[in-house]
Amino acid sequence: MSNKKKFEQPIVDLKTVEELSNRLLEANRELKHAEYERRSMIENISHDLRAPLTAIRSTVDYLTLKNRSDVEDITDEDLSTFLKLLDMRTRTLEVLVQDLYYLTCIESGSEKFKFKKVPIAQFLEEYYFAAEIDEKYADYELVLDVPEDMKEVVAIDIAKLSRVLDNLFNNSRKYSVVGCTITLGVYQVDKDICIYVKDNGQGISEKAIPHIFDRTYRESDSRTPEEETSSGLGLSIVKSIVEQHKGKVECKSKLGEGSTIFIYLPKIG
Ligand code: ADP
């Protein structure tokens with residue numbers, strides 16, 4: 001047999017091999033990043049679970065006399081303070097566990113989406129009028145910015161998109177002071193519609209903006225105002241739900257001026 005190359009054209013195109021190998025490397029990077037995110041989330045959640053649990057444990061120990069010799073000390077006022085503390089810490093745990101479970105179910109696909117075609121203007125209007133009579137927002141100014149002639153239809157899971165708006169409205173309220181304005185609006189951008197929730201509250205630092213939708217993000221140990229219960233997963237839930245709608249999220253914010261969260265959804269037709 002001669003040593004001369006018999007076949008000029010290789011069966012496997014080298015370019016295709018290179019492309020495949022690049023794709024594999026990219027998939028591997030994504031996998032590592034997902035693994036890193038998963039681990040950091042578990043770390044953060046474990047940390048967040050520990051704080052209220054420790055507070056509950058020491059309050060219960062105190063009330064059940066384990067660390068207390070002078071039994072007479074507890075007044076009715078003390079008792080009511082302790083109960084309030086227990087209530088708050090238990091609520092923190094509940095919210096954390098519920099949000100974590102909800103996010104996991106959405107991401108694993110076990111939480112099913114029921115898409116329905118709805119005129120987006122009507123959906124937003126109904127949400128807005130329900131918020132307007134909600135006690136939580138009684139001290140805030142709510143504004144609806146929906147164009148009169150907006151006829152666009154989108155396929156949404158009504159309950160889940162309402163959850164998205166709940167989370168955004170709650171954040172606007174939590175990170176603002178009484179009297180601030182929260183605006184719910186919508187406009188068209190090419191083939192999408194863009195829903196936005198805007199506030200003129202405390203705003204988000206430039207450094208933090210790229211991370212607020214991460215499951216692992218925490219701005220500081222005391223992420224939310226003292227009296228609020230929150231899991232730190234609110235915006236991750238928003239992002240996951242929006243992505244299941246084939247949409248995307250964005251944030252614009254300036255410290256001291258306020259924040260706007262944009263939700264882009266593909267419109268039908
Ligand atoms: P949290 O439970 O901490 O509110 P989120 O996932 O809802 O968790 O938000 C993540 C972080 O993004 C918050 O801790 C806060 O720092 C910032 N953030 C979100 N929405 C707003 C807003 N409207 N104004 C200011 N900061 C916000």
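Start at 1 and go down the list; that is how both ligands and their atoms are numbered. Computation of the quantities below employed the complete heavy-atom set of this structure, encompassing side-chain atoms and omitting hydrogens, waters and symmetry-equivalent molecules.
- Taking all heavy atoms of I212, N200, N171, T260 into account, the minimum distance to atom 17 (C) of ligand 1 is reached by I212.
- Residue Q202 has no N or O atom closer than 3.5 Å to an N or O atom of ligand 1.
- Taking a 4.0 Å cut-off on heavy atoms, S231 registers as neighbouring ligand 1.
- With sequence neighbours excluded, no residue forms a side chain to side chain donor-acceptor pair (under 3.5 Å) with S46.
- Listed by number with element, the atoms of ligand 1 under 4.0 Å from a non-hydrogen atom of K174 are 1 (P), 2 (O), 4 (O).
- For a threshold of 3.5 Å applied to N or O pairs, the pair formed by S236 and ligand 1 contains no separation below that value.
- Ring planes of Y196 and F262: tilted class, angle from 30 to 60°.
- Between E26 and R23, no side-chain nitrogen of the basic residue sits less than 4.0 Å from a carboxylate oxygen of the acidic one, so the salt-bridge criterion is not met.
- Residue-to-ligand polar distances place G234 within reach of ligand 1: an N/O pair is separated by less than 3.5 Å.
- Interface of G232 with ligand 1, defined as ligand atoms under 4.0 Å from a residue heavy atom, comprises 1 (P), 2 (O), 3 (O), 6 (O), 8 (O).
- Taking every non-hydrogen atom of I204 and a distance limit under 4.0 Å, the qualifying atoms of ligand 1 come out as 18 (N), 21 (C), 25 (C), 26 (N), 27 (C).
- With hydrogens and angles disregarded, a donor-acceptor distance shorter than 3.5 Å links the side chain of K112 to the backbone of G109.
- The backbone and the side chain of L235 each have at least one atom closer than 4.0 Å to an atom of ligand 1 (non-hydrogen atoms only).
- A salt bridge is defined here as a Lys NZ or Arg NE, NH1 or NH2 lying under 4.0 Å from an Asp or Glu carboxylate O, and R91 with D87 fails to meet this definition.
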N/O donor to acceptor pairs below 3.5 angstrom from side-chain atoms of residues 113-125, sequence neighbours left out:
unit_1	atom_1	unit_2	atom_2	d
Q122	NE2	E126	OE2	3.0

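- No salt bridge links E35 with K32; every basic N to acidic carboxylate O contact stays at or beyond 4.0 Å.
- Neither the backbone nor the side chain of I261 comes within 4.0 Å of ligand 1, counting heavy atoms alone.
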